[in-house]
Amino acid sequence: MTNQDKILMDKIVQLKQEKSVYIIAHYYQRAEIQDIADFVGDSYAMAVAARNSPLDTILVAGVDFMAESAAILCPGKTVLSPEPMATCPMANSIKADDVLKFKAKYPNSIIVSYVNTPAEIKAVTDICCTSSNAAKILEKLPENARIYFIPDQNLAINVSNKLGRIVNFYDSYCPIHNALTKASMVKLKEQHPEAEVLVHPECKPEVVKLADYVGSTAGIINYISNSDHDSFIIATECGILHPIQQANPDKKLILASEEMICPNMKSITLDKILYSLENLTTIITVPEDIRIPAARALKKMIDYAS
Ligand code: 13P
Ligand code: SF4
């Protein structure tokens with residue numbers, strides 16, 4: 001961390017107090033951003049933290065669907081994004097029309113959408129899920145229901161394999177997690193036979209099959225904190241190393257690939273957060289005709305997951 005970072009961090013901490021802004025960050029954010037946040041979590045915990053925010057202004061340090069989820073769940077609050085162009089290519093790959101066509105063909109189907117979707121998709125969704133609760137939610141749906149899981153094919157297949165349940169899915173994926181190959185993981189395991197292998201379910205099923213533990217970012221962090229092992233191969237975005245190192249300074253962490261960097265998550269910087277606080281911008285809003293049905297799908301997730 002540079003001196004300039006420290007100066008910016010001090011200014012941010014002072015300004016968020018002066019302006020009563022609650023900062024929520026994702027584990028893929030830069031270390032210095034996680035350090036100035038009031039709450040850091042996985043995408044599920046971020047949504048719940050927004051809903052329970054003690055303050056009326058929330059700044060979301062994460063990609064656009066995360067700020068949108070906060071705006072959907074907190075209609076009376078002001079939600080700020082320090083970088084509204086930070087987006088998720090997987091979330092943007094599906095259109096509401098794709099969902100409506102499936103629904104027209106199978107009217108009794110249940111649309112389960114990953115939170116990595118824009119508000120317009122959530123609005124045509126029956127229930128949302130995140131990587132931390134997808135299996136739990138699918139288990140609660142009627143056994144014979146036709147499920148359309150969107151938009152992450154890897155998460156869909158991984159959950160389907162776990163539950164032994166057929167799931168229809170949309171063909172898309174996270175470019176960061178999907179790029180990780182089975183061959184590179186097999187090689188890493190050979191190089192570090194003592195290490196436990198922890199994999200995010202956005203990775204390919206053949207990579208997930210090599211894991212000792214599969215879970216969301218929060219799940220991976222908790223697993224390491226509760227494990228007696230000393231070393232871990234971690235297959236998810238590099239930002240997760242910061243909270244793990246903080247909680248487990250003596251454990252050896254091996255990132256599965258140096259290329260596991262989400263450029264959108266990393267496009268948020270301390271400068272942009274400071275600017276956002278100074279100018280109380282950019283305010284994220286969702287039109288009521290979309291927000292209301294989208295909130296229904298998000299709240300249903302929170303009900304089913306808790
Ligand atoms: P989780 O933090 O819910 O595991 O999500 C990972 C992710 O890719 C968010 O964009
Ligand atoms: Fe989207 Fe993947 Fe980046 Fe998460 S890590 S925001 S899923 S591109």
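We count ligands from 1, going down the list as the structure has it; atoms in each ligand are counted the same way. Just so it is clear, the structure is predicted and the values come from calculations on it, not from any experiment.
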> How far is atom 8 (S) of ligand 2 from its nearest protein heavy atom, and which residue and atom is that?
Replying inline: P89 CD, 3.7 Å
> Against heavy atoms of D42, which atoms of ligand 1 measure under 4.0 Å?
Replying inline: 1 (P), 2 (O), 3 (O)
> In terms of side-chain geometry, is the basic nitrogen of E237 or K266 positioned less than 4.0 Å from the acidic oxygen of its partner?
Replying inline: yes
>> Within the 4.0 Å heavy-atom shell around S131, which atoms of ligand 1 are there?
In response: 1 (P), 3 (O), 4 (O)
>> Check for me whether E237 has a heavy atom closer than 4.0 Å to any atom of ligand 2.
In response: no
>> Looking only at distances, can you tell me whether any N or O atom of H177, backbone or side chain, sits closer than 3.5 Å to an N or O atom of ligand 1?
In response: no
>> Students should be able to answer this: which protein heavy-atom is nearest to atom 1 (Fe) of ligand 2, and at what distance?
In response: C88 SG, 2.4 Å
>> Check the orientation of Y28 and H177. Use parallel for under 30°, tilted for 30 to 60°, and perpendicular for over 60°.
In response: tilted
>> Any carboxylate oxygen within less than 4.0 angstrom of a Lys/Arg side-chain nitrogen, looking at D10 and K6?
In response: no
> Relative to the ring of F102, is the ring of Y148 parallel (under 30°), tilted (30 to 60°) or perpendicular (over 60°)?
Replying inline: parallel
>> Give the atom numbers and elements of ligand 1 that come within less than 4.0 Å of a heavy atom of S216.
In response: 4 (O)
>> I'd like to check which ligand 1 atoms, numbered from 1 as shown, lie under 4.0 Å from a non-hydrogen atom of S43.
In response: 1 (P), 2 (O), 3 (O), 5 (O)
> Salt bridge between K103 and D126, side-chain N to carboxylate O under 4.0 Å?
Replying inline: yes
> Can you list the atoms of ligand 1 that are under 4.0 Å from a heavy atom of H200?
Replying inline: 1 (P), 4 (O), 5 (O), 6 (C)
> Can you tell me if C262 has an N, O or S atom under 2.8 Å away from atom 2 (Fe) of ligand 2?
Replying inline: no
> Which of the atoms in ligand 1, numbered in the order shown and given with their element, are less than 4.0 Å from a heavy-atom of E202?
Replying inline: 6 (C), 7 (C), 8 (O)
>> As an exercise, identify every atom of ligand 1 less than 4.0 angstrom from a heavy atom of T217.
In response: 1 (P), 2 (O), 4 (O)
